[in-house]
J.: 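Pasting a structure below so you can have a look.
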Amino acid sequence: MLIKVDTRMVTYAHLVFNQVKYPNPFLWTALIRGYAIQGPFKKSVMLYNCMRREGIGPVSFTFSALFKACGAVLDVSLGRQIHAQTILLGGFASDLFVGNTMIGMYVNCGFLDCGRKVFDEMPDRDLVSWTELIVAYTKSGDMNSAGELFVGLPVKDMVAWTAMVTGLAQNAKPKEAIDYFERMQNAGVETDEVTLVGVISACAQLGVSKYANWARNIAEKSGFGPTHNVVVGSALIDMYSKCGNVEEALKVFEIMKERNVFSYSSMIVGFAMHGRAHAAMQLFHDLVKTDIKPNRVTFVGVLTACTHAGMVEQGRQIFESMEEFYGVAPSANHYACMVDLLGRSGHLKEALELVQTMPMEPNGGVWGALLGSCRIHGNPDIAQVAASHLFELEPDGIGNYILLSNTYASAGMWDDVARVRKLARKKGLQKNPAFSWVESKEGVVHEFFAGDMTHPKCSEIKQALDDLLERLKANGYQPNLGSVLYDVSDDEKKRLLKTHCEKLALAFGLLSTDSTIRIVKNLRICEDCHLFICGASQITGRDVVVRDNMRFHHFHDGKCSCGNFW
DNA sequence: TTAGGGTTAG
């Protein structure tokens, strides 16, 4: 009885167990389960062996507990032995609970095919069996197999639907995730906070405020508003930040009755993304005054905040105090943040030294941060070193070839540009085309590619852009020809710059909205567009928010929140 | 007494 009550006190439970003269299979199983939940996990298997030696026959719960333990320590060979036992001892292999936990063990250990085989051979299956496998497919990135299973599911409950919604969101398919969620609602299936978190995360990826408000309303109406639900609240903070509305993110943070490390970290990361470095630091200092311990993500957020504000000294201090004061050992990712901080602020040599002396093998993020800094500060020599490592670590990463080639282009080393481009072509790698999208007043999303003249309003857009350009020139704007990374004439460079997708999106935004213009770009905003939009915000008196693949830029009255540091 | 969850970096 006592054993069943509190598995957290499993050691104590074990002492009590030892005083029982003739423990029955259920008592044995309760203790085995206790260890399977709390650990040490191997102890549950040891106990099982004792139980067998005593001549006690297991029950189906015994195997469920054992599979749980094997899944927890990722010991598939032990799992296979237990699997064999279920067959040897007769009947257990066809038990529904045993089968389900066996699937769980295999997929946890990374043996999805074995889990599928168990599933296919089960005489009876229930929603749990199906959902386990659906989730396993979504986690392995195989959304087709997950979708096929889901379609074949005769009755779909909230958990199964949620598995699909979340799986799609986690696999960068936010539109499909929202589509599934709407179908789920149409089917009359209830929603809880887990479903909502999946939908909110999908909306965060879309970065569109219309969807953000829609998701918030649903959360409030379903009774899982941020005030009383810390998980939904944290997801909303992240969503609003990624949709460009850091003020609303902060409002959510403030109304939350309970906050945890996710809420704080999401808010810190949100501030960092929006260039509010001091707010991020302040929140970090608030956090360390609470009982909540910062974790590795918190530090990524704080260090990124320092990077975006060029706060080298503060970043250095935080990095050095991570382990000693907060017990978080810096990982390769934290080193990447530091390399980024040092490199972007122009300390390229020190950044390189840090990479060469860090205690673990530098990963792609570390070399990538160094390469990115070389592009900004025009250092082809160090760029070459970083790129050679990146070509090894990430042979298919087209971005690395582009960064290296752009570094050469900025230095006017056109032969090297050609060489790198040829190398990328030889590997069959193609550059992702740049595109931007912008919301109209009605909340409709319009997409623009560079040089794109396919929009129905393209002549009006072109006219607006020409007018704006003239006014900007009168105000001192000079096109930044260094932003064109092709070896062409200056006139051609000017022509190319004029139709960059973010400029088209800006012109459309000016024509079709009357408040803040919100633009999302799939790649990093170029220097000329940054300069252009800065000027436009001053001349037109309109605020512009651009989310590029790195962060947010808030343009207001001729200035950007990133302080021209991005 | 088996199934679904939130934050991260170039």
Side-chain angles (χ1 to χ4, degrees), chain A residues 4 29 33 60-61 63-65 67-68 71 95-105 107 126-136 138-139 157-167 169-170 192-201 204 224 226 229-239 241-242 260-270 272-273 294-304 307 331-341 343-344 362-376 386 390 393-394 397 399-400 403 524 549-551:
Chain A
K4 213 171 177 181
T29 301
R33 186 168 177 274
S60 61
F61 290 156
F63 289 113
S64 304
F67 285 131
K68 200 182 186 77
D95 182 281
L96 183 60
F97 276 162
V98 173
N100 282 346
T101 45
M102 205 188 306
I103 295 177
M105 180 277 294
V107 301
D126 64 1
L127 264 167
V128 176
S129 343
W130 289 82
T131 311
E132 268 190 313
L133 216 51
I134 289 172
V135 170
T138 67
K139 295 216 163 124
D157 69 350
M158 178 170 71
V159 180
W161 276 103
T162 304
M164 283 306 288
V165 171
T166 309
Q170 288 168 343
D192 73 359
E193 79 264 36
V194 185
T195 327
L196 283 167
V197 163
V199 181
I200 293 169
S201 140
F224 298 101
N229 192 305
V230 65
V231 184
V232 169
S234 305
L236 285 174
I237 291 173
D238 173 58
M239 178 191 75
S241 304
K242 288 185 177 154
N260 61 16
V261 69
F262 285 88
S263 339
Y264 274 93
S265 302
S266 299
M267 197 63 240
I268 289 172
V269 170
M273 265 195 292
N295 65 15
R296 53 188 200 279
V297 180
T298 323
F299 284 104
V300 168
V302 176
L303 292 173
T304 330
T307 301
S331 68
N333 293 335
H334 297 107
Y335 276 90
C337 292
M338 270 315 280
V339 170
D340 201 24
L341 171 60
R344 270 176 204 262
N363 61 14
V366 174
W367 289 116
L370 191 62
L371 179 57
S373 302
C374 292
R375 199 210 65 83
I376 296 169
L390 282 165
L393 288 167
E394 301 171 351
N400 301 324
L403 278 174
R524 180 181 179 274
N549 64 342
M550 303 295 305
R551 49 164 300 140

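Within every chain, numbering begins at 1; the chains are lettered A, B, ... in the order of the sequence lines, protein sequences first and strands thereafter.
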J.: Measure from CD1 on I134(A) to C1' on dT2(B) and round the result to the nearest Å.
T.: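 Atom CD1 in I134(A) sits about 15 Å away from atom C1' in dT2(B).
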J.: Mark yes when over 12 heavy atoms from residues, nucleotides or ligands other than R524(A) sit less than 6.0 Å from its CZ; otherwise mark no.
T.: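 Enclosed.
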J.: If I take atom CG in residue D340(A) and atom C1' in nucleotide dA9(B), what distance separates them, rounded to the nearest angstrom?
T.: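 Checked: the CG to C1' distance equals 8 Å.
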J.: Please determine whether any donor N or O and acceptor N or O are separated by less than 3.5 Å between the side chain of S265(A) and the base of dT7(B).
T.: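 Looking at the base of dT7(B), it does pair with a donor or acceptor on the side chain of S265(A) (distance under 3.5 Å).
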J.: Tell me whether N400(A) contacts the main-chain N or O of L403(A) through its side chain, where contact means a donor paired with an acceptor under 3.5 Å.
T.: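 Flag not set: sc N400(A) to bb L403(A) has no pair under 3.5 Å.
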J.: To the nearest angstrom, how far is L403(A) atom CG from dA9(B) atom P?
T.: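 The distance from CG of L403(A) to P of dA9(B) comes to 16 Å, rounded to the nearest Å.
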J.: Report which part of the nucleic acid T195(A) touches: base, sugar-phosphate, or nothing (heavy-atom distance under 4.0 Å, all strands).
T.: base
J.: Ignoring hydrogens and angles, are the base of dG10(B) and the side chain of E394(A) linked by a donor-acceptor pair under 3.5 Å?
T.: yes
J.: Nearest to the side chain of V194(A), which nucleotide is it out of dA9(B), dG5(B), dA3(B)?
T.: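 Out of dA9(B), dG5(B), dA3(B), the nucleotide with an atom closest to V194(A)'s side chain is dG5(B).
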J.: OH of Y264(A) to CE of M267(A): how many Å apart, nearest 0.5 Å?
T.: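 The OH atom of Y264(A) sits 11.5 Å away from the CE atom of M267(A).
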J.: Choose from dG6(B), dT2(B), dA3(B) the nucleotide whose nearest atom is closest to any side-chain atom of V230(A).
T.: dG6(B)
J.: For the residue pair D238(A) / S241(A), report whether a side-chain donor-acceptor contact shorter than 3.5 Å exists.
T.: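 Distance-only check fails for S241(A) and D238(A).
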J.: Could you state the atom-to-atom distance from CG of L236(A) to C1' of dG6(B) in whole Å?
T.: 10 Å
J.: Between dT2(B), dG5(B), dG4(B), which one does the side chain of N100(A) approach most closely?
T.: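 Within the option list, the nearest is dT2(B).
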J.: When you measure from the side chain of N333(A), which nucleotide among dG10(B), dA9(B), dT8(B) comes out closest?
T.: dA9(B)
J.: When all nucleic acid strands are considered with a 4.0 Å heavy-atom cut-off, which category describes G364(A): base, sugar-phosphate, or nothing?
T.: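 Base, at least one base atom sits under 4.0 Å.
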J.: Show the nearest heavy-atom pair for residues L393(A) and G364(A), with the distance to one decimal.
T.: CD1-N, 3.9 Å
J.: Quick one: is Q170(A) getting a side-chain N or O under 4.0 Å of the dG5(B) phosphate, OP1 or OP2?
T.: yes
J.: Of the listed nucleotides (dG4(B), dA9(B), dG6(B)), which one gets closest to any side-chain atom of N260(A)?
T.: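 Closest of the options to the side chain of N260(A): dG6(B).
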J.: Let me know the distance between CZ of F224(A) and P of dG5(B), rounded to the nearest Å.
T.: 16 Å
J.: Quick check for you: among dA3(B), dG6(B), dT8(B), whose closest atom lies nearest to any side-chain atom of T166(A)?
T.: dG6(B)
J.: With distance as the sole test, does N333(A) use its side chain to make a donor-acceptor pair with the main-chain N or O of A336(A) at under 3.5 Å?
T.: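 Checking the backbone N and O of A336(A) against the side chain of N333(A), no donor-acceptor pair under 3.5 Å is found.
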J.: dG6(B), dA9(B), dG10(B): which one has an atom nearest the side-chain heavy atoms of F262(A)?
T.: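 Closest nucleotide to the F262(A) side chain: dG6(B).
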J.: Between V135(A) and A163(A), what is the shortest heavy-atom contact and its length?
T.: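 Closest heavy-atom pair between V135(A) and A163(A): CG2-CB, 3.7 Å.
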J.: What nucleotide among dG5(B), dG4(B), dT7(B) has an atom nearest to a side-chain atom of D192(A)?
T.: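 The answer is dG4(B).
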J.: Classify the nucleic acid contact of V231(A) as base, sugar-phosphate or nothing, counting any heavy atom under 4.0 Å across all strands shown.
T.: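 Base, at least one base heavy atom under 4.0 Å.
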J.: Rounded to whole angstroms, how far apart are CG on L96(A) and P on dA3(B)?
T.: 12 Å
J.: To the nearest angstrom, how far is L390(A) atom CG from dG10(B) atom P?
T.: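 Nearest whole value for this atom pair: 13 Å.
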J.: Between K139(A) and dG5(B), is there a contact of a side-chain N or O with OP1 or OP2 at under 4.0 Å?
T.: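 It does, given that an N or O in the side chain of K139(A) lies less than 4.0 Å from OP1 or OP2 of dG5(B).
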J.: Report which part of the nucleic acid V232(A) touches: base, sugar-phosphate, or nothing (heavy-atom distance under 4.0 Å, all strands).
T.: nothing
J.: In whole angstrom, what separates M102(A)'s CE from dA3(B)'s P?
T.: 14 Å
J.: Would you mind telling me which of dA3(B), dT2(B), dG4(B) lies closest to the side-chain atoms of T101(A)?
T.: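 From the listed options, dT2(B) comes nearest.
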J.: Counting only side-chain heavy atoms from C-beta out, which of dT8(B), dA3(B), dG10(B) sits nearest to V300(A)?
T.: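 Side chain of V300(A) sits closest to dT8(B).
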J.: So, OP1 or OP2 of dT8(B): does either fall under 4.0 Å of a side-chain N or O from K242(A)?
T.: yes
